[in-house]
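Values below: all heavy atoms of this structure, side chains included; hydrogens, waters and symmetry mates excluded. Here the structure is a predicted model, which is why all the values come from computation and not from measurement.
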Amino acid sequence: SRIKEAVKTAGGNIDGVLRFSLIWNYGNGTDSSDLDAWCRQPDGQNIGYSTGYRKDRGNSFSSCKGQLDLDNTNPSGKLAIENVYFTELKYLKNGTYAFWVNQFSARNSQGFKAEIEFNGESYSYEYSKPVSGNIRVANVIVSNGEFTIEHLLPETKTSKEIYGLTTEQFHKVN
């Protein structure tokens with residue numbers, strides 16, 4: 001996906017067991033907002049810009065081995081990217097992982113696109129209006145190593161099927 005490629009190009013981790021990625025300023029380049037990707041783990045720990053679980057601030061991980069590895073505070077006319085990922089299934093606790101976007105600073109806010117990926121399947125979301133406060137995207141529920149998802153924003157597409165093809169078939173054609 002475009003989001004996954006953007007995360008990879010920016011140096012973010014796309015190989016974790018669970019990933020929440022966010023992009024904005026993908027249109028005309030005039031959205032200089034500061035949006036933040038957030039996750040609340042089942043044990044109540046939060047991962048986001050103001051927590052210690054950041055690659056750029058000590059490379060620390062949460063109790064479930066989650067980390068914010070990309071944080072963009074001002075796109076300056078370029079694509080803005082944020083990424084939260086979890087390293088391995090064995091560290092994930094049973095329960096709900098809540099993912100949301102926070103508008104830290106609105107500067108011509110125009111919305112965002114987000115993606116959640118686990119088990120090789122990705123779920124995409126688009127919020128096409130100015131962002132204000134917290135926008136809940138989805139909850140991922142982990143139970144004994146199995147994932148389920150509760151969409152809180154309308155899902156725009158999944159990687160399971162694109163234009164009537166499976167992901168594998170689509171990539172062979174393109």
Side-chain angles (χ1 to χ4, degrees), residues 1-4 6-8 10-26 31-75 79-89 91-118 121-142 147-156:
S1 75
R2 177 180 182 193
I3 296 174
K4 188 174 183 176
V7 169
K8 183 178 178 181
N13 189 313
I14 59 169
D15 296 322
V17 67
L18 174 61
R19 175 179 60 83
F20 174 55
S21 304
L22 166 68
I23 64 170
W24 71 98
N25 196 37
Y26 44 79
D31 184 346
S32 293
S33 296
D34 181 359
L35 300 182
D36 292 305
W38 280 91
C39 176
R40 178 172 294 118
Q41 300 177 164
D43 63 5
Q45 279 188 336
N46 287 333
I47 300 170
Y49 83 92
S50 62
T51 69
Y53 312 119
R54 296 177 53 135
K55 184 177 181 178
D56 64 346
R57 294 188 186 161
N59 202 28
S60 297
F61 289 86
S62 70
S63 61
C64 297
K65 299 295 184 212
Q67 181 184 72
L68 174 71
D69 67 349
L70 296 176
D71 179 36
N72 190 306
T73 59
N74 189 341
L79 181 67
I81 308 160
E82 298 228 349
N83 190 57
V84 173
Y85 77 99
F86 292 83
T87 60
E88 295 179 64
L89 183 61
Y91 297 115
L92 294 183
K93 296 176 179 156
N94 287 337
T96 300
Y97 292 76
F99 295 99
W100 73 93
V101 174
N102 174 262
Q103 174 64 274
F104 183 81
S105 179
R107 299 179 218 123
N108 194 30
S109 179
Q110 298 168 20
F112 62 84
K113 292 181 181 181
E115 183 174 81
I116 294 175
E117 182 177 27
F118 56 83
E121 297 178 10
S122 62
Y123 302 88
S124 299
Y125 308 89
E126 186 168 1
Y127 190 82
S128 299
K129 55 187 176 183
V131 180
S132 178
N134 292 320
I135 308 299
R136 296 175 57 203
V137 176
N139 293 326
V140 173
I141 298 92
V142 176
F147 293 88
T148 56
I149 191 163
E150 174 188 13
H151 305 289
L152 302 174
L153 281 181
E155 182 187 9
T156 55

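Under the 4.5 Å side-chain criterion, counting only non-hydrogen atoms from C-beta, Asn102 is in contact with Asn134. Looking only at side-chain heavy atoms (C-beta outward), Lys55 and Leu70 stay at 4.5 Å or farther from each other. Inter-residue side-chain proximity for Trp38 and Ser50 is flagged as met; some heavy-atom pair is nearer than 4.5 Å. With contacts defined as side-chain heavy-atom distances shorter than 4.5 Å, the pair Tyr123/Glu115 does not qualify. Residues Ile14 and Arg19 form a side-chain contact, since some pair of their non-hydrogen atoms from C-beta on lies under 4.5 Å apart. At a threshold of 4.5 Å between non-hydrogen side-chain atoms, the residues Tyr125 and Ile135 do not count as touching. Within the 4.5 Å cutoff, the side chain of Ile3 has heavy atoms near those of the Lys113 side chain. Within the 4.5 Å cutoff, side-chain heavy atoms of Val131 are placed close to those of Leu35.
The two residues Leu79 and Arg2 make their nearest non-hydrogen contact at CD1-NH2, 4.3 Å. Of all non-hydrogen atoms in Ala37 and Glu82, the two that sit nearest each other are N-OE1, 3.1 Å. Here the closest heavy-atom approach between residue Phe99 and residue Ile116 is recorded as CD1-CD1, 3.9 Å. Smallest separation of non-hydrogen atoms from Trp100 and Cys39: CZ3-C, 3.9 Å. The two residues Pro42 and Asn94 have their closest heavy-atom pair at CB-O, 3.4 Å. In this structure, Trp24 and Ser33 approach most closely via the heavy-atom pair NE1-O, 3.0 Å.
The pair Glu117-Lys4 meets the salt-bridge criterion, with a side-chain N (NZ, NE, NH1 or NH2) lying under 4.0 Å from an Asp/Glu carboxylate O.
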(message) side chain to side chain contact (heavy atoms under 4.5 Å, CB included), that's the test. Do Val17 and Thr87 meet it? Break it down for me.
(response) CA-CA 6 Å; Val17 67; Thr87 60; over 6 Å; no

(request) Check the pair Gln41 / Ser62 against side chain to side chain donor-acceptor pair (under 3.5 Å), numbers first and verdict last. (result) CA-CA 9 Å; Gln41 300 177 164; Ser62 70; 2.3 Å; yes

(message) Pair Asp31, Gln110 - check side chain to side chain donor-acceptor pair (under 3.5 Å), show working.
(response) CA-CA 6 Å; Asp31 184 346; Gln110 298 168 20; 5.3 Å; no

(request) Begin with the C-alpha distance, continue with both residues' side-chain angles, and end with the deciding distance and a verdict on side chain to side chain contact (heavy atoms under 4.5 Å, CB included) for Phe147 and Leu89. (result) CA-CA 10 Å; Phe147 293 88; Leu89 183 61; 3.9 Å; yes

(request) Apply side chain to side chain contact (heavy atoms under 4.5 Å, CB included) to Val140 and Thr96, showing your working. (result) CA-CA 6 Å; Val140 173; Thr96 300; over 6 Å; no

(request) Start with the C-alpha gap between Asn83 and Leu22, add the side-chain angles, then the distance that decides, and say whether side chain to side chain contact (heavy atoms under 4.5 Å, CB included) holds. (result) CA-CA 6 Å; Asn83 190 57; Leu22 166 68; over 6 Å; no

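Judged by distance alone, the side chains of Ser109 and Gln103 do bring a donor and an acceptor atom under 3.5 Å apart. A side-chain donor from one of Gln45 and Ser63 sits under 3.5 Å from a side-chain acceptor of the other. Side chains of Asn59 and Gln67: a donor on one and an acceptor on the other come within 3.5 Å. In summary, the side chains of Asn46 and Thr51 do not present any donor paired with an acceptor at a separation below 3.5 Å, with no hydrogens or angles considered.
Put simply, NZ on Lys8 and OG on Ser1 are 11.5 Å apart, with the number rounded to the nearest 0.5 Å.
Remark: aromatic rings of Phe61 and Tyr53 are distant, center separation not under 6.0 Å. Aromatic rings from Phe86 and Phe118 are positioned such that their centres are separated by 6.0 Å or more. Aromatic ring centroids of Tyr49 and Phe104 lie under 6.0 Å apart.
Within the structure, the salt bridge (charged side-chain N to carboxylate O under 4.0 Å, His left out) test picks out the following pairs touching residues 60-74 (sequence neighbours left out): Arg54-Asp71.
With sequence neighbours left out, Tyr85 forms a ring pair (Phe, Tyr, Trp, His ring centres under 6.0 Å) with no residue at all.
Aromatic ring pairs are classed by plane angle as parallel below 30°, tilted from 30° to 60° and perpendicular above 60°; the pair Phe112 and Tyr127 is parallel.
The environment of Arg136 atom CZ is sparse: at most 12 non-hydrogen atoms of other residues, nucleotides or ligands sit within 6.0 angstrom.
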